[in-house]
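The structure appears below as structure tokens.
To find a chain, count down the sequence lines: A is the first, B the second, and so on, and within it residues start at 1. What's counted below: heavy atoms across the whole structure, side chains too, no hydrogens, waters or symmetry copies.
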Amino acid sequence: MTDSQPNSTIRRDDALWLLRRMRLIRQTSERIAKLYPTDVMETPVHLCIGQEAVATGLCHHLRDEDKLFLGHRTHGPALAKGLPLEKLMAELYGRSTGCSHGYGGSMHLLDLEHGLPGSSAIVGGSIALGVGAGLAAELGAGHFVGVSYFGDAATNAGVFYESLNFAALRALPVLFVCEDNGFSNVMPKSEHSAHDIVGVASQMMPTASIDGTDVLAVNDAAGRAVSRARGGQGPQFLHCRTKRWMKHQGPERCDLIEVDIERDCPIHKLERFMASSGMVTPRELADLRSAIESEIDAAIEFAERSPRPDPNLMEA
Amino acid sequence: MTDSQPNSTIRRDDALWLLRRMRLIRQTSERIAKLYPTDVMETPVHLCIGQEAVATGLCHHLRDEDKLFLGHRTHGPALAKGLPLEKLMAELYGRSTGCSHGYGGSMHLLDLEHGLPGSSAIVGGSIALGVGAGLAAELGAGHFVGVSYFGDAATNAGVFYESLNFAALRALPVLFVCEDNGFSNVMPKSEHSAHDIVGVASQMMPTASIDGTDVLAVNDAAGRAVSRARGGQGPQFLHCRTKRWMKHQGPERCDLIEVDIERDCPIHKLERFMASSGMVTPRELADLRSAIESEIDAAIEFAERSPRPDPNLMEA
Amino acid sequence: MPWSRFDCDYAAPAGGERELTYCHAVREAIDQAMQLDSRVFAIGLDADDKFGVFGSMSDLSHPERVLGTPISENAMTGVALGAALSGLRPIHVHLRNDFLLVAMDQIVNYVAKWQDMFDRQVQVPLVIRSVIGRGWGCGAQHSQTLHGMFAQIPGLKVITPSTPYDAKGLLAAAIKNDSPVLFFEHRWLYKNTGAVPEEIYTLPIGKAAHLHRGNGLTVVAPSLAAIHALKACENDDLDVDLIDPRTIKPLDLDTILASVRRTGRLLVVDYDFPFAGFAAEVCAAVTEQAFDALVAPPQRLTFPDRGMPAAGPLERSYYPTPERIGEAMRELLAGQPAVTV
Amino acid sequence: MPWSRFDCDYAAPAGGERELTYCHAVREAIDQAMQLDSRVFAIGLDADDKFGVFGSMSDLSHPERVLGTPISENAMTGVALGAALSGLRPIHVHLRNDFLLVAMDQIVNYVAKWQDMFDRQVQVPLVIRSVIGRGWGCGAQHSQTLHGMFAQIPGLKVITPSTPYDAKGLLAAAIKNDSPVLFFEHRWLYKNTGAVPEEIYTLPIGKAAHLHRGNGLTVVAPSLAAIHALKACENDDLDVDLIDPRTIKPLDLDTILASVRRTGRLLVVDYDFPFAGFAAEVCAAVTEQAFDALVAPPQRLTFPDRGMPAAGPLERSYYPTPERIGEAMRELLAGQPAVTV
Ligand SMILES: Cc1ncc(C[n+]2csc(CCOP(=O)(O)OP(=O)(O)O)c2C)c(N)n1
Ligand SMILES: Cc1ncc(C[n+]2csc(CCOP(=O)(O)OP(=O)(O)O)c2C)c(N)n1
Ligand SMILES: [Mg+2]
Ligand SMILES: [Mg+2]
């Protein structure tokens, strides 16, 4: 197990990419939270405010052909991987222009072009699918890695353990990314896991445990893990410690944890780093923020204007 | 993880108990192997010749009220726990006097009086049942421990991992006993497990890895583990390295391993120890052997004389 | 036997009694069973949370016998079985029946088989409770209703109460039963209210209830479908004999047959998949046993044969409604074949 | 598309052709599919062993695409699905369908739902092969036949070939199909022989076959039941129209209806559990659509509603036989109701 240090030599355009994606996820999530009580979205929402760094640092190193399999907390990682915002919004609005044509809803997002072959609401199972993608690559289907992305409590499901074992037995190009926010709904990790997650994973493969609120640390560790997996060094496990600022589901703040922006906010931390090292001006930061707001406005307008799916076209 | 040493201070009656049970299991298994080709037993048989020390050393410390849950390789552990021989034989012969009235067959043995609440042919699942027994004890159902008894390959099933986690979370009085013969049918352990079984288990609870061909070592380690579990110290894991002399199923020798009696035979080793320390005479050993043969003769006669179950009485 | 204390005759509640929600009727059955019998305990994901299984686990008087679990439904079912084999009476609770599929090995290979494998020498007093049905755009993995699948499996009883009164009495009966019972509660019934006696009582497992009387058509509808069908009858004052089987298995075929022998017509409304489901069983069994009484082919009204979609208009079209049930009833009453999906 | 190379017309084999066992017909379909299409691979417990799935995996010409697995059926099903979503065409093999229950979450919540959840934007070319049926006193957990359970689930095709010819042609069709297929092979058919063309060929999924012609009674029987029913027809030269559906789902109802419209009588013989099974579906669907043609109530002959016992006499009484099928047929032909279990 390695505990990574952020790489302070990050290039400006990389840092900007990370900031843009994190801001896109954050601002989109906040907008969803704001709109949600009006019932325009007839689907549950699992927001990831506070957790943006994990998916962003990871996806910075993934290509369109790499296959990312998600669980129920989908919006952030899907946007990080490249799902167009308007397709996400239209799906949440239940429109036929949504990425799943309105058939999937919030938890089932598909974007084959950007390496999102689907996500699942049954906790745990999708971990195996990422291993299948790795196996496909190994058997000649293409040059890509499979990525299984899941929460801390998904590691309680037997399929987690079975998946790691098989990936390790065959040295498959698979990344296991555990977004550890310390909770399964309202149950703290101490009540759902008798063991250290990394301790178990490290019995089977190289692991890294990372401060998941530090996008540079995630970026750094993910970069090394992805290149090892691509380089034929077998599966890699990334354990990212993070915080879920919102309730498990819905638009409300979580009352089980305390958030300290200085310590916990990945966006704040990156912006401070970039500002202090002269990479951005306050003006640029403000511009970025409002540019993204406009993107979100446009995506919502797109969703609102889009037709609802026609039940008569629903095939049996 | 502790690696136990045999306790050379074993008392004669304890050693004799161990020898008797191991001989009972061995000679019964050999007789089954001899009779099996005549098709008197219309049921598969998974013999445990070579593995007798594990169940015997364990069951020496179990009481009738302790609950032992078995998988498919049942005969030896069931006899070790106290299942009367004639009830086993009658079950193998498919008679209504069998321990499961002929409804279970070789893999499904029940003896509520002796703490055998049933065994299962689906690999892995019965591990959870032993945890349930431990939970029952914890919730006041009685003073007993739950024991989950399984092979090395059962640890590949997710239910293994889930069961250990839950038992550890609640510090339940459960013993996990892994009879590691190195094979899943014809697949060697190196192909089914990327990790060390004890390594994973020790993330969750105290473990011991034992030479499972040395009944004194098993007896010793099991004694300590059982008393720790009884004493409220939570679940314990016993990993017993052993050898399967026969094929996975049926009456034939396995051609995948080499057996060296001096090194591998638990009965030979115990007899040698007892003889050299003056606990038994060669005459006593021979007498024991033939007494058990007579027991087996009687059990077979009982089975042969017993009626077959009446299909008309089979309830829907 | 603590159980003898809550045996009572089967009787529909008189009017004017205490009203309770379906959710609280379930809660009360658990709470009273736990008070009467210290062997009863509850276990399940978030079972120990006040919002556990939509509030039906709140404020139980024996919190020390209410255990939360990790997301390990398969092992947890085995744990419940092991506890049942060791002298306790577990109630395993689930927020959605889709999660039971994770535990299918334990439910079908273990729980359902254990008594048969040992010629019924052993008792398996285990209740598995689960919410069924669609929510709010939850999609194909979180909206299923699988009572038909479990009813196929020998060794399992399957109960689907539609009223608060039935929910309490049948859950008490399930807990008291010495064989495995699956108890399915439709999410949309949770806030419905109805008269529920304060005392604990049991209802017979395998006994249907008439929700509406009539002579023109027999309608069999379990769970939420029963309530929707009742609405349809009342809206249009239809001449329908409406039977809520209450237990899918064992099925009270006698009550259904007696009705069909009177009406000559049968419609089964089942909010479950169509192929080889509960509706097929009722149609096949009725045809086998009351063929000569039938004046028209028995009809089924179910979900379409596809996974549940998420978007509102799709979700609403997927689920039958009182209106669609009413239409099917009227067509059958008029001697026309009903439209099936 | 390599697949275009093995499209051929549907035609029963002429006499005098090469004979193959059922087991080897299955093997040959896999072998030839693997040769034609490098995306095809096989995975499963002991799949890479020469005795894997009773010999049907032996000597395949691409051993590098035949992978053994640990006892992790649930994750392995997810691995197969992930591979199918990543451009390959997996065949997941199982020694017994009882083990599929361990993988039920993946099969029902994942594999079956994946296309519907995304409005069919994605293909899932995944075949799950499994042996079904009783062996040698193997007991309730190792002798099930679960095609009825899987047929309930939208999104799964279910195939149950009864002859070597069908086994090869339907397995090739399953591998070629872009949606999930469950392929069930009854253990007792493995050594049966029959004419099988050497070339690879596909048979249509959803098309029944007539095994015997007659006008007095329609019998629908899949898998081993078809072979047993054929024996019963031939033993007594019965006037029976025997239909092997070959695929449980999609079901070729047209062929069955056409027959019942001629005979007026129906018997479904299904070696599976009785309640809400395939037999119920056929009876219900036929009654719905050909009610006026029926002169007697459709009948079912299935297992009893309990787990399979182990001892020989019990096991043999549990399973229908050609004799018992013949009896049921004769009674129906004589205008008497058949005995159902
Ligand atoms: C098999 C299964 N059991 C239970 C649930 C209900 N459930 C949905 S999300 C969740 C918590 C998951 O926690 P974690 O994996 O840590 O992800 P997080 O929500 O924290 O991102 C639970 C219990 C489920 N979806 N699937
Ligand atoms: C879920 C499941 N998958 C596959 C099998 C087939 N099977 C029976 S025993 C066995 C090997 C088990 O090996 P292990 O657990 O090491 O026990 P051993 O036979 O060595 O005693 C297998 C694969 C099964 N019974 N259950
Ligand atoms: Mg979490
Ligand atoms: Mg082994």
Side-chain angles (χ1 to χ4, degrees), chain A residues 65 67 69 91 96 98-105 107-112 115-142 144 146 148 157-167 169-170 172 174 309 313-316, chain D residues 34 37-45 48 62 64-90 92 102-126 154-155 179 249-250:
Chain A
E65 57 271 29
K67 300 191 191 328
F69 288 92
E91 191 61 33
S96 60
C99 60
S100 307
H101 299 181
Y103 281 72
M107 300 186 286
H108 304 300
L109 307 180
L110 183 88
D111 184 351
L112 295 176
L116 287 166
S119 57
S120 165
I122 305 289
V123 170
S126 54
I127 301 174
L129 274 57
V131 178
L135 179 64
E138 196 69 15
L139 291 177
F144 50 79
S148 299
V159 66
F160 162 76
Y161 166 79
E162 294 181 353
S163 298
L164 262 62
N165 184 35
F166 187 73
L169 276 169
R170 300 216 157 248
L172 300 177
V174 179
L313 299 180
M314 178 167 71
E315 293 168 60
Chain D
M34 286 181 124
D37 190 333
S38 63
R39 298 169 304 175
V40 176
F41 75 102
I43 185 167
L45 195 71
D48 54 344
H62 284 286
E64 79 283 3
R65 278 188 269 137
V66 182
L67 317 180
T69 72
I71 306 181
S72 308
E73 284 89 350
N74 192 36
M76 292 307 110
T77 307
V79 165
L81 173 58
L85 293 170
S86 304
L88 297 187
R89 307 186 82 86
H92 193 192
V102 179
M104 206 68 174
D105 174 41
Q106 286 290 342
I107 296 174
V108 177
N109 282 330
Y110 283 75
V111 171
K113 300 290 186 289
W114 216 258
Q115 292 189 283
D116 283 349
M117 287 198 307
F118 305 110
D119 194 25
R120 321 249 162 117
Q121 291 181 75
V122 65
Q123 299 183 340
V124 180
L126 167 58
S179 294
K249 196 178 182 186

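With a threshold of 4.5 angstrom between heavy atoms, A/Ser119 approaches chain D through N, CA, C or O but not through any side-chain atom. Heavy atoms of D/Gln121 lying under 4.5 Å from chain A belong to its backbone as well as its side chain. Only the side chain of D/Phe41 comes within contact range of chain A, judged by heavy atoms closer than 4.5 Å. Interface residue D/Leu67: backbone and side-chain heavy atoms are both found under 4.5 Å from chain A. D/Asp105 touches chain A through its side chain: at least one heavy atom from C-beta onward sits under 4.5 Å away, while N, CA, C and O do not. For A/Tyr161, no part lies near chain D; criterion is any non-hydrogen pair under 4.5 Å. For A/Ala137, no part lies near chain D; criterion is any non-hydrogen pair under 4.5 Å. Of the two parts of A/Leu112, only the side chain, counted from C-beta on, holds a non-hydrogen atom closer than 4.5 Å to a non-hydrogen atom of chain D. With a 4.5 Å cut-off on non-hydrogen atoms, D/Pro70 touches chain A through its side chain but not through its backbone.
Between A/Lys67 and A/Ala133 the shortest heavy-atom distance is CB-CB, 4.1 Å.
Judged by distance alone, with hydrogens and angles left aside, the side-chain atoms of D/Arg39 form no donor-acceptor pair with the main-chain N or O of A/Ala141 at under 3.5 Å.
In terms of non-hydrogen atom pairs under 4.5 Å with chain A, the most contact-rich of D/Ser72, D/Pro90, D/Ala80 is D/Ser72. Counting heavy-atom pairs closer than 4.5 Å to chain D, the top residue among A/Gly125, A/Gly98, A/Gly132 is A/Gly132. Among the candidates D/Asp116, D/Asp119, D/Leu85, the residue making the largest number of heavy-atom pairs closer than 4.5 Å to chain A is D/Asp119. The most heavy-atom pairs under 4.5 Å with chain D, out of A/Glu65, A/Glu315, A/Glu91, A/Met314, come from A/Glu315. Among the candidates A/Val131, A/Ile127, A/Leu109, the residue making the largest number of heavy-atom pairs closer than 4.5 Å to chain D is A/Leu109. When each of A/Ser100, A/Ala157, A/Gly140 is checked for heavy-atom pairs under 4.5 Å with chain D, A/Ser100 comes out on top. Heavy-atom pairs under 4.5 Å with chain D were tallied for A/Gly134, A/Gly158, A/Ser126; the largest tally goes to A/Ser126.
A heavy-atom distance below 4.5 Å is not found between the side chains of A/Arg170 and A/Glu138. Residues A/His108 and D/Phe118 form a side-chain contact, since some pair of their non-hydrogen atoms from C-beta on lies under 4.5 Å apart. Between D/Tyr110 and D/Thr77, every side-chain heavy-atom pair lies at or beyond the 4.5 Å cut-off. Side-chain atoms of D/Arg120 and D/Ser179, non-hydrogen and from C-beta on, never get closer than 4.5 Å to each other.
By the side-chain hydrogen bond (donor to acceptor under 3.5 Å, both in side chains) test, D/Asn74 is found to be paired with no residue, residues two or more places apart in sequence or in another chain being considered. For the side-chain contact (heavy atoms from CB on, under 4.5 Å) test, residues two or more places apart in sequence or in another chain that qualify with D/Leu45 are D/Thr69, D/Ile71, D/Glu73.
Using a 30° and 60° split on the angle between ring planes, A/Phe69 and D/Trp114 fall in the tilted class, from 30° to 60°.
Within the model, atoms CE of D/Met117 and CG of A/Leu110 stand 9.5 Å from one another, a figure rounded to the nearest 0.5 Å.
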